[in-house]
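The structure under discussion appears below in the form of structure tokens.
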Amino acid sequence: MNINIQLLFTINALARSTPWLQPWMALYATVGGLVLFVELMFIGWWIARRRSTLPPVAAALWTPLGMLLAVGINQPISAAFAERRPYLVYTNLLTLTEHSWAPGFPSDHAVLAGAVTATLFLVSRPLGWFTALAAASMAFARVYVAEAYPFDVLAGLGLGAAVSMIGYLLVRRVLVRLLDMADPTIFRALITATPRNPPVEPIAPPGFAGRYR
């Protein structure tokens with residue numbers, strides 16, 4: 001038995017011994033975790049627009065796009081591997097979610113989590129570390145509920161982070177340029193919370209105050 005299977009059974013044994021944790025892990029491994037990552041992306045945008053520079057805003061706005069790109073790229077990859085879910089192979093596993101026939105390697109949920117984490121680090125280091133913790137928890141939860149093997153989630157985290165970061169590096173200059181162009185438009189509130197500087201009134205030179213009355 002290789003280490004991937006050994007880790008799966010070890011974590012599944014932990015799931016059996018922690019019935020109080022099972023409903024929370026099942027929720028987080030499915031809908032709850034996805035909702036959290038949506039909220040983290042919103043927080044990233046909210047933090048970025050309070051900065052005085054555009055690159056953090058570009059990273060925050062790219063984050064959901066990079067996530068979708070990473071998940072999209074993962075679809076043909078997982079279809080090519082066509083790996084069956086653990087509970088379809090080992091029927092003695094404790095299963096806490098409904099069975100899925102979709103391929104499991106790399107894990108879509110882990111790809112999503114890795115992609116969001118990578119670019120939120122560019123927005124805020126504290127937020128990036130919190131998101132990394134949420135991503136690690138998501139990866140563990142997917143194994144805990146027997147939806148994925150440990151290597152499935154590790155590969156997913158790496159793939160998601162790589163696709164999102166490479167994509168951002170390729171489009172960063174274009175994004176910043178577009179945000180700079182949008183600054184004087186009605187979309188400025190989506191880019192920055194900093195108020196626009198009021199026009200500076202001319203200061204009358206000494207002895208010429210009457211001309212400015």
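Not measured: the values here are computed from a predicted model.
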Reported CE-to-CE distance for the pair M138 and M25, which is rounded to 0.5 angstrom: 10.0 Å

Heavy-atom donor-acceptor pair, T95 side chain to T97 backbone, under 3.5 Å: no

Same apolar cluster (I L V M F W Y, side chains within < 4.5 Å links), V71/F37: yes

Heavy-atom closest pair, residues A70 and V163: CA-CG1, 3.6 Å

side-chain contact (heavy atoms from CB on, under 4.5 Å) evaluation trace for R177 with V174: CA-CA 5 Å; R177 181 65 178 268; V174 175; 5.7 Å; no

Minimum-distance pair of heavy atoms, taken over all atoms of W20 and W24: O-CD1, 3.4 Å

Within 6.0 angstrom of F130 CZ, more than 12 heavy atoms from elsewhere: no

Under 3.5 Å donor-acceptor, N74 side chain and P106 backbone: yes

Connected via hydrophobic side-chain network under 4.5 Å: L65 and L179: no

Heavy-atom closest contact (V123 atom, A59 atom, distance): CG2-CB, 3.9 Å

Interatomic distance, R142 atom CZ to I11 atom CD1 [nearest 0.5 angstrom]: 13.5 Å

Flag, side chain of S164 to backbone of G66, donor-acceptor distance under 3.5 Å: no

In one Ile/Leu/Val/Met/Phe/Trp/Tyr side-chain cluster, 4.5 Å: L36, F42: no

Min side-chain heavy-atom separation L34-H109 under 4.5 Å: yes

Backbone of M165 reached by a side-chain donor or acceptor of W62 within 3.5 Å: no

Donor-acceptor contact below 3.5 Å, side chain R85 vs main chain E147: yes

Nearest-0.5 Å distance that lies between atom CG in L96 and atom CG in L27: 12.0 Å

Residue pair Y87 / L94, side-chain heavy-atom distance below 4.5 Å: no

Shared hydrophobic cluster for V57 and I47 (ILVMFWY, side-chain gaps under 4.5 Å): no

Cation-aromatic face contact R125/W129, 6.0 Å, 45 degrees: no

Least distance between heavy atoms, A82 atom then P103 atom: CA-CB, 3.9 Å

Whether S78 side chain and Q75 backbone form a donor-acceptor pair below 3.5 Å: yes

Step-by-step side-chain contact (heavy atoms from CB on, under 4.5 Å) determination, I5 to Y90: CA-CA 10 Å; I5 308 303; Y90 304 99; 3.6 Å; yes

Minimal non-hydrogen separation, G72 against P76, with atom names: O-CD, 3.2 Å

Validation row: Y149, V89 side chains within 4.5 angstrom (heavy atoms): yes

Gap separating the CG atom of D180 from the CG atom of L54, nearest 0.5 angstrom: 6.0 Å

Expected output: side-chain N12 to main-chain F9 donor-acceptor under 3.5 Å: no

Closest heavy-atom pair and its distance - L157, A110: CD2-O, 3.5 Å

Non-hydrogen side-chain atoms of W101 and L88 separated by less than 4.5 Å: yes

Y144 vs S137 side-chain heavy atoms within contact, under 4.5 Å: no

Check: Y28 side chain, A134 main-chain N or O, donor-acceptor pair, under 3.5 Å: yes

Residue pair T63 / W45, side-chain heavy-atom distance below 4.5 Å: no

I3 side chain reached by F151 side chain, heavy atoms, under 4.5 Å: yes

Backbone N/O of L122 and side chain of Y168: donor-acceptor pair under 3.5 Å: no

Side chain proximity check, L8 to L93, heavy atoms < 4.5 angstrom: yes

Side-chain donor-acceptor pair present, T117, T131, cut-off under 3.5 Å: no

Hydrophobic cluster identity match, L175 and L120, side-chain contacts under 4.5 Å: yes

